[in-house]
2 protein chains.
Amino acid sequence: MLNEKSLSVSPDCSECPIRHRAVCARCETDELERLEEIKYYRKFEAGQTVIWSGDRMEFVGSVVSGIATLTQTMEDGRTQMVGLLLPSDFVGRPGRSSAAYDVVATTDLVMCCFRKAPFEEMMLRTPHIAQRLLEMTLDELDAAREWMLVLGRKTAREKIASLLSIIARRDASINQRDVEDRLTFDLPLTREAMADYLGLTLETVSRQVSALRKDGVIELEGKRHVTIPDIGRLLEEAGDDADGGVFA
Amino acid sequence: MLNEKSLSVSPDCSECPIRHRAVCARCETDELERLEEIKYYRKFEAGQTVIWSGDRMEFVGSVVSGIATLTQTMEDGRTQMVGLLLPSDFVGRPGRSSAAYDVVATTDLVMCCFRKAPFEEMMLRTPHIAQRLLEMTLDELDAAREWMLVLGRKTAREKIASLLSIIARRDASINQRDVEDRLTFDLPLTREAMADYLGLTLETVSRQVSALRKDGVIELEGKRHVTIPDIGRLLEEAGDDADGGVFA
DNA sequence: CGGTCGTTTGACTGCGGTCAAAATCCGTGG
DNA sequence: CCACGGATTTTGACCGCAGTCAAACGACCG
């Protein structure tokens, strides 16, 4: 906790890399000015816990850069990841006083935080924020439901393929890369984190990743750098409808 | 589809049984009057499909009475339930033109429908509706994430116990029953529907229900009527924290 | 009475979990 | 530059939980 850093200077909203995708996306200039007054940046290092489940939450905020995970843990230690937080994703629930999940930085992370009470008060007066938050929450709900199908009904191989295609899609969207390009990215998750996301053990993840590599569905350089020669093939392996533009 | 019934008369909102829990919960009298103008009731019989995935959605609405399910299906027929819709739950996504899931009535069902375009237009002008919808969506997101833990990490026995405790909780809350009472309710789902919710086969569901009965965790009269002699015991079996008031 | 639907039960199989060990990666300090 | 130690990943052998296939049972209805 000691190596967490608060930045004294928060960059101007108008230059923010997530300006057009985050909870503030629809705000007008004057609304942004009021947001500037209650915002502050915080940095976390890879591996640090951002919020502990059950803790009192004094802020909500957006991921500016880096990746974090949302996880739930049972008393006996079994854990399930319930969300992957990428830049522009929102953290925290207005109207709730204590955190429901652990939030952990898996890479170095920068967050744009808003003090909770002022943010909630501002939400009531600023429909642009509430509207955008509703839209984002509906998207997250859809993603969670898609993930329920993955967890409940897919095989281990399909689960891995599903995770890779989701990361590939999000990566392409964030980096504005063309989908027709040869997709290539770094896995932001350890095998254990992948297992926690997919409801598998890390051994099974390792075996199935190797199998997909052996079958030519993916290519690996080192343990983490992935290339996808044929995205249609990967989507087929995921059990998704290959055509019909999940990527459109 | 022919036996679907439209009611010519929609009861007054002020007498509505879900008045204080549905998307209209926070509306003032004048706001309710405007909602009355765009609402209509529809009845569905048990087994009927309310909405097909992919269909154009011409309405959104609330469940007034009865129970419906939200399901997703893969090409090869594997299906996963992603939501259980009880009275006051909201159906449909403002801002989206086609349905993402199948909605099926599992009992006779009455819905309070709003034509989609007028409802969306009204949402922009009526913060009370948007606020309540955000709150409900956040609750659904939490429920979906809790379910991800069930699907990803719990054993078949724990899954059954989790489902029973959720139904017991919701049933108690809807019928305003005291939790300390001897909990008793009718299962609104077939074994197959339970299996689709839990990511199991119907045979496994049947076996585990029998096992819980044999072990005295639940009592059965017929196939569907369930009594829970000790809710704490059931929560233990579900792998949840037994104390601490999930039921508080 | 036969037919359908939902459910239970049994026998067997196989996918993914468990336990264990080896291999690889990577940062750190001598 | 290399040796060391810890973390991460891979691989192997074995096992058990839940899936599969099949049959029978009970309730309900025409």
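Proteins come first, then strands; the chains are lettered A, B, ... in the order of their sequence lines, and each starts at number 1.
For B:Asp89, the salt bridge (charged side-chain N to carboxylate O under 4.0 Å, His left out) partners two or more places apart in sequence, or in a different chain, are B:Arg170. Qualifying salt bridge (charged side-chain N to carboxylate O under 4.0 Å, His left out) partners for B:Glu219, counting only residues two or more places apart in sequence or in other chains: B:Arg182. Residues passing the salt bridge (charged side-chain N to carboxylate O under 4.0 Å, His left out) test with B:Asp55: none are found, sequence neighbours excluded.
Distance alone, capped at 3.5 Å, is enough to place a donor-acceptor pair between the B:Thr106 side chain and the B:Ile67 backbone. Under the 3.5 Å distance criterion, the side-chain polar atoms of B:Arg78 are matched with a main-chain donor or acceptor of A:Arg153. A donor-acceptor pair is defined here as one N or O able to donate and one able to accept, closer than 3.5 Å; such a pair exists between the side chain of B:Lys154 and the backbone of B:Ala238. Not a single donor-acceptor pair under 3.5 Å links the side chain of A:Gln72 to the backbone N or O of A:Met81.
Residues A:Asp108 and A:Lys43 form no side-chain contact, since every pair of their non-hydrogen atoms from C-beta on lies 4.5 Å or further apart. Side chains of A:Leu198 and A:Leu163 form a contact here, defined as non-hydrogen atoms less than 4.5 Å apart.
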Would you tabulate the pairs of protein nitrogen or oxygen atoms and nucleotide nitrogen or oxygen atoms of nucleotides 8-11 of chain D closer than 3.5 angstrom?
{"from": "D:dT9", "atom 1": "OP1", "to": "A:Arg224", "atom 2": "NE", "distance (Å)": "3.2"}
{"from": "D:dT9", "atom 1": "OP2", "to": "A:Arg191", "atom 2": "N", "distance (Å)": "2.9"}
{"from": "D:dT10", "atom 1": "OP1", "to": "A:Arg191", "atom 2": "NH2", "distance (Å)": "3.2"}
{"from": "D:dT10", "atom 1": "OP2", "to": "A:Arg191", "atom 2": "NE", "distance (Å)": "2.7"}
{"from": "D:dT10", "atom 1": "OP2", "to": "A:Ser206", "atom 2": "OG", "distance (Å)": "2.7"}
{"from": "D:dT10", "atom 1": "O5'", "to": "A:Ser206", "atom 2": "OG", "distance (Å)": "3.1"}
{"from": "D:dT11", "atom 1": "OP2", "to": "A:Ser210", "atom 2": "OG", "distance (Å)": "3.3"}

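Between the CD atom of A:Gln208 and the C1' atom of C:dG14 there is a distance of 13 Å, rounded to whole Å. Here C:dC26 presents its P atom at 14 Å from NE2 of A:His225, a figure rounded to the nearest Å.
Take the nearest nucleotide of DNA chain C for A:Gly222 and for A:Gly199: the residue whose nucleotide is more 5' is A:Gly199.
Two end axes, each from the C1' atoms of five base pairs, can be drawn for the helix from C:dC1-D:dG30 to C:dG30-D:dC1; they diverge by 30°, to 10 degrees.
Using a cutoff of 4.0 Å between basic side-chain nitrogens and carboxylate oxygens, A:Glu237 and A:Arg233 are scored as salt-bridged.
A heavy-atom distance below 4.0 Å to DNA chain C is reached by these residues of residues 149-164 of chain A, ordered by number: A:Thr155, A:Ala156.
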